[in-house]
> 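Before I ask anything, here is the structure I am working with.
Values reported hereafter were calculated over all heavy atoms of this structure, with side chains retained and with hydrogens, waters and symmetry mates removed. Just so it is clear: chains get the letters A, B, ... in the order the sequence lines come, proteins before strands, and each one is counted from 1.
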There are 2 protein chains.
Amino acid sequence: MNNNLSRVKISDIAQRAGVSTGTVDRVIHNRGEVSKKTRDKVLRILEELNYQPDILASTLASKKVFRIAALIPEAGTTNLFWNAPLAGLQEAWREIKHFGVSLDTFFFKHDDVLSFEKQFDRIIGIEPDGLLVSPIFADQAKKRLFTLKDLDIPVVFINSNIEDQQNIAFVGQDTRQSGMVAARLLDYSLNSGESISIINFISETGGNHHILSREEGFRYYFEPTTSNRQINTTNIYTQEEQKIEEVLTKAIGTDSPRAITKGVFVTNSRVFKVANYLKKHNIQNVILIGYDLLECNIDYLRNNYIDFLISQNPWEQGYKSLMALFNSRIMKKEIVKNQFLPIDIITKENIDYYLNN
Amino acid sequence: MNNNLSRVKISDIAQRAGVSTGTVDRVIHNRGEVSKKTRDKVLRILEELNYQPDILASTLASKKVFRIAALIPEAGTTNLFWNAPLAGLQEAWREIKHFGVSLDTFFFKHDDVLSFEKQFDRIIGIEPDGLLVSPIFADQAKKRLFTLKDLDIPVVFINSNIEDQQNIAFVGQDTRQSGMVAARLLDYSLNSGESISIINFISETGGNHHILSREEGFRYYFEPTTSNRQINTTNIYTQEEQKIEEVLTKAIGTDSPRAITKGVFVTNSRVFKVANYLKKHNIQNVILIGYDLLECNIDYLRNNYIDFLISQNPWEQGYKSLMALFNSRIMKKEIVKNQFLPIDIITKENIDYYLNN
DNA sequence: TTAATTTCCGTGTGCGCACACGGAAATATT
DNA sequence: AATATTTCCGTGTGCGCACACGGAAATTAA
């Protein structure tokens with residue numbers, strides 16, 4: 001490149017091996033039509049001189065486009081979380097597109113396993129060079145991973161993980177540990193003996209792994225201690241506002257038999273529903289903690305109805321997923337398989353510094 | 001590049017303007033030797049067709065090296081914080097070096113203004129294409145910024161800011177706001193009426209702006225409320241361990257007249273000294289909060305002597321500073337001037353996810 | 001043994017841009 | 001008006017690599 005003395009070129013390898021640069025190219029790219037003797041000699045010299053290709057020149061000369069497909073939930077008005085990973089994906093693509101990368105994004109409905117399957121099969125049909133997928137519906141995803149492996153299509157999981165698969169990377173948060181963080185915050189914030197309510201907004205079509213895992217971590221925090229805290233779980237299955245209100249009244253309301261509930265842990269981003277309830281009923285002195293920097297959650301945080309939000313770094317999830325695939329397959333770098341993102345604790349005082357992306 | 005139908009090339013501009021590609025190049029790069037009539041025509045077509053240069057081809061063809069100098073405190077054994085920004089700088093450079101970027105890092109002693117001046121003047125002497133500097137000694141830095149401006153050398157501030165300067169970016173934390181975060185955490189963790197000690201480890205050679213700013217933010221948090229908390233400040237000027245112990249005994253020890261101190265806010269990374277004191281004297285039930293993920297601080301956090309650490313994202317400070325200069329001057333992108341990093345709240349439960357860099 | 005096919009390899013071209021060189025035209029000086 | 005100088009512009013080369021093409025050599029089939 002610019003420092004000719006320190007950068008090994010294909011022509012240096014060719015000269016050393018006594019062959020042409022065309023032959024070196026054939027060896028590097030496994031194009032065949034090279035004798036074993038010549039091939040071994042070239043490989044040895046490549047290693048000796050630690051040849052590193054000039055990615056700029058390579059991309060300029062190559063006609064090849066690395067086509068990446070992404071399969072994520074569509075955001076819409078009921079699933080705002082997924083706007084941020086999409087934005088992260090798009091920014092990452094903007095940074096790397098001049099290396100010959102194309103990105104096609106496919107969406108499925110968060111609560112609709114059939115749309116997940118349909119879109120996944122469409123993607124398999126176009127045989128991309130790489131895939132990013134949020135495998136919320138784990139069984140259906142698993143079935144298709146074999147096909148992807150046969151087609152030699154590398155896969156990165158984003159936000160949800162499936163253990164023991166051949167994905168090259170997972171990018172997301174350690175959900176169980178995030179529950180422990182929530183527990184720590186509530187434990188510190190409450191007086192001795194004050195009890196806690198866990199609120200789970202459950203989807204009936206599956207994909208609740210995160211919620212269960214967070215609760216598990218939360219409860220695990222209190223296990224080893226001789227804690228005198230009572231912890232009660234309430235599962236909310238309905239989407240009807242009136243029904244939700246009834247359940248919350250029973251769980252944390254002033255009519256509740258658990259009238260000493262002073263801390264509430266909501267295991268997903270719908271914490272705004274609880275905040276709304278507290279506001280409506282003028283319930284004070286309850287510490288409320290939930291997930292994700294949705295606009296409505298941020299409003300309640302700024303107005304002291306939510307005390308802490310735990311951010312999953314959704315933008316970074318999108319960004320880092322695409323960068324993992326790029327670094328692995330184009331830059332040929334080693335990548336870490338499980339890329340856990342920070343478990344960010346957000347308060348009214350630091351929220352502004354998490355909104356850049 | 002790879003998609004010839006959608007990418008405007010210099011040859012397209014040349015054809016449209018009825019000139020050669022050499023002329024278009026001369027216009028793009030302001031090389032002169034082009035008539036005004038021709039120049040205006042080419043510029044109009046460049047804008048019409050929204051020409052975007054192929055950075056890959058440009059770098060490959062160009063012999064130019066963009067030389068960046070960085071001036072930061074040396075880490076050593078007493079200033080471990082600065083290892084992380086250095087690592088961030090080096091990683092950023094690894095990612096962009098193939099675009100023809102070189103990086104020379106210069107160090108000054110954190111408490112030695114003369115070494116700062118000497119190194120700064122050395123840098124001016126080599127006339128780099130860009131400079132990253134931690135302007136801890138603000139007056140001395142200011143004097144040299146005029147020279148840099150005359151030489152048309154763009155400057156990025158890292159970790160410390162100086163207002164109203166011609167730096168193209170500042171990358172660091174909002175220190176005052178981080179004090180408010182600390183206040184929030186202690187306010188929640190302590191019972192009503194329990195008092196708080198602020199501990200400032202002061203350097204006698206200057207560079208205490210961060211410490212003062214953090215205290216200011218902390219106190220500001222409690223101002224608007226009818227808080228019944230007593231907040232006491234103790235400044236520690238000495239480096240002698242015995243002296244430090246005496247001062248801490250007076251401030252927070254069991255012999256202290258302020259025996260009801262239950263929360264301690266240390267305004268920099270030397271929080272380990274207070275943690276050590278608490279451990280040594282078997283003082284329990286004190287909530288301790290300080291800054292930075294130094295190894296010793298992390299140990300005390302894991303062992304429950306420190307309750308919260310506030311991370312300044314030092315690695316990202318280095319990384320983003322270099323990327324700001326790169327994006328501004330090489331990629332020709334607009335950049336944000338004040339790039340405040342997140343104010344990360346670290347507990348024993350989430351520390352592991354902040355150690356990747 | 002001869003002809004057909006495959007393997008092997010070198011050579012040439014082009015990706016989009018940077019930029020040096022030199023001839024022609026325009027301008028300034030004598 | 002003749003000469004010298006400057007401006008203007010087109011042309012050619014090369015950056016490091018990808019990869020197609022074709023001639024020579026080796027191998028296989030008849």
> What nucleotide among C:dC9, D:dC17, D:dC19 has an atom nearest to a side-chain atom of A:Ser58?
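Closest of the options to the side chain of A:Ser58: D:dC17.
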
> When you measure from the side chain of A:Ala61, which nucleotide among C:dC19, D:dC17, C:dC9 comes out closest?
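Of the options given, the side chain of A:Ala61 lies nearest D:dC17.
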
> Check the phosphate of D:dG10 against B:Ser20, side-chain N and O only, distance under 4.0 Å to OP1 or OP2. Yes or no?
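So the side-chain polar atoms of B:Ser20 do come within 4.0 Å of the phosphate oxygens OP1 or OP2 of D:dG10, strictly under.
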
> Side-chain N or O of A:Ser35 less than 4.0 angstrom from OP1 or OP2 on C:dC9?
yes

> For the pair B:Asp104 and B:Ile68, evaluate side chain to side chain contact (heavy atoms under 4.5 Å, CB included) and give the outcome as yes or no after the intermediate values.
CA-CA 6 Å; B:Asp104 287 310; B:Ile68 296 179; over 6 Å; no

> Which of the following nucleotides, C:dG16, D:dC19, C:dA18, is nearest to the side chain of B:Lys9?
C:dG16

> Go nucleotide by nucleotide along DNA chain D from the 5' end; which of A:Ile55 and B:Lys36 gets its closest nucleotide reached first?
B:Lys36

> Where the side chain of B:Asp25 is concerned, which of D:dC19, C:dA18, C:dC9 is the nearest nucleotide?
C:dA18

> So, is B:His29 near the phosphate of C:dC19, with a side-chain N or O under 4.0 Å from OP1 or OP2?
no

> B:Phe340 vs B:Phe170 aromatic rings, parallel, tilted or perpendicular, using cut-offs 30° and 60°?
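B:Phe340 and B:Phe170: perpendicular rings.
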
> Report which part of the nucleic acid B:Arg31 touches: base, sugar-phosphate, or nothing (heavy-atom distance under 4.0 Å, all strands).
sugar-phosphate

> Restricting to non-hydrogen atoms, name the atom on A:Leu86 and the atom on A:Thr105 that form the minimum distance, rounded to 0.1 Å.
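So the two residues come closest at CD1-CG2, 3.9 Å.
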
> What's the closest nucleotide to the B:Leu60 side chain, out of D:dC9, D:dG16, D:dC17?
D:dG16

> Between C:dG16 and B:Tyr51, is there an OP1 or OP2 to side-chain N/O distance shorter than 4.0 Å?
no

> Between A:Trp315 and A:Tyr319, how do the two ring planes meet: parallel, tilted or perpendicular, split at 30° and 60°?
parallel

> Scan A:Thr38 against the nucleic acid and name what it touches under 4.0 Å (heavy atoms): base, sugar-phosphate only, or nothing.
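Sugar-phosphate, backbone atoms only, no base.
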
